Amino acid sequence: GRNGRGTRQRAPSFDSRDGGGSGGGAGAGGAAGGCGGSVSTSRSVSPAPGHMSDVELNVADLYEVKSSEGPWYPATILRLKRNGRYEGELFGGGCSVHYPSIKRHEIRRRPQRRQRGGRS
């Protein structure tokens, strides 16, 4: 007795597109970077100025952010996200790296440098 029908089992029908998960465009996820200007294209609205705690947004040379490798780099904080984390650009070695999820304790003010000279 030979069975000509293979032992085929029917898998449950589901599609990877079903059941949640937002379809993202290019650039969704981790730190995207490189030498060149990266542009943040956020779809969520930044909170009103009264809700930003103590971090000033879009001010160059004001903060440093601790990178995922450990050292602190000059950064511009771009926005405060709804989840309480920040989005920013880190600068070092002539390159900028976009960091999409920065915790508050990973941000500090840069040391103030005294300017030489002055009015005489």
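No hydrogens, no waters, no symmetry mates; every other heavy atom, side chains included, goes into these values. The shown structure was predicted, so the numbers you read here are calculated from the model rather than taken from an experiment. Residue indices begin at 1 and follow the sequence shown.
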Say whether, by atom type as modelled, one donor and one acceptor occur between the side chain of Y63 and the main chain of Y73 under 3.5 angstrom. no
Distance from R85 atom CZ to R79 atom CZ, nearest 0.5 Å? 13.0 Å
I'd like to check L78 versus E89 (side-chain heavy atoms, cut-off strictly below 4.5 Å). Are they in contact? yes
Lys/Arg N to Asp/Glu carboxylate O, D54 vs R109, below 4.0 Å: no
What verdict does the side-chain contact (heavy atoms from CB on, under 4.5 Å) test give for H98 and E87, after you've listed the backbone C-alpha separation in whole Å, the side-chain angles of each residue and the deciding distance to 0.1 Å? CA-CA 8 Å; H98 182 186; E87 188 174 314; 3.2 Å; yes
Measure across L80 and L57 and return the closest heavy-atom pair with its distance rounded to 0.1 Å. N-CD1, 4.1 Å
To the nearest 0.5 angstrom, please state how far the SG atom of C95 sits from the CG atom of L90. 12.0 Å
Note, T76 side chain near F91 side chain (heavy atom, < 4.5 Å): yes
Using 0.5 Å steps for rounding, measure from the CD1 atom of I107 to the CD atom of E64. 12.0 Å
Rounded to the nearest 0.5 Å, how far does CD of E106 lie from OG of S68? 9.0 Å
Would you give the length of the straight line joining atom CZ of R108 to atom NZ of K66, rounded to the nearest 0.5 angstrom? 9.0 Å
Output, in order, the C-alpha distance, side-chain angles, deciding distance and verdict of side-chain contact (heavy atoms from CB on, under 4.5 Å) for K81 and Y86. CA-CA 6 Å; K81 298 165 66 170; Y86 293 86; over 6 Å; no
Just checking, any donor-acceptor pair under 3.5 angstrom between side chains of S67 and Y99? no
Could you tell me if the side chain of I77 sits less than 4.5 Å from the side chain of N58, heavy atoms only? no
Shortest non-hydrogen contact from A75 toward V65: CB-CG2, 3.5 Å
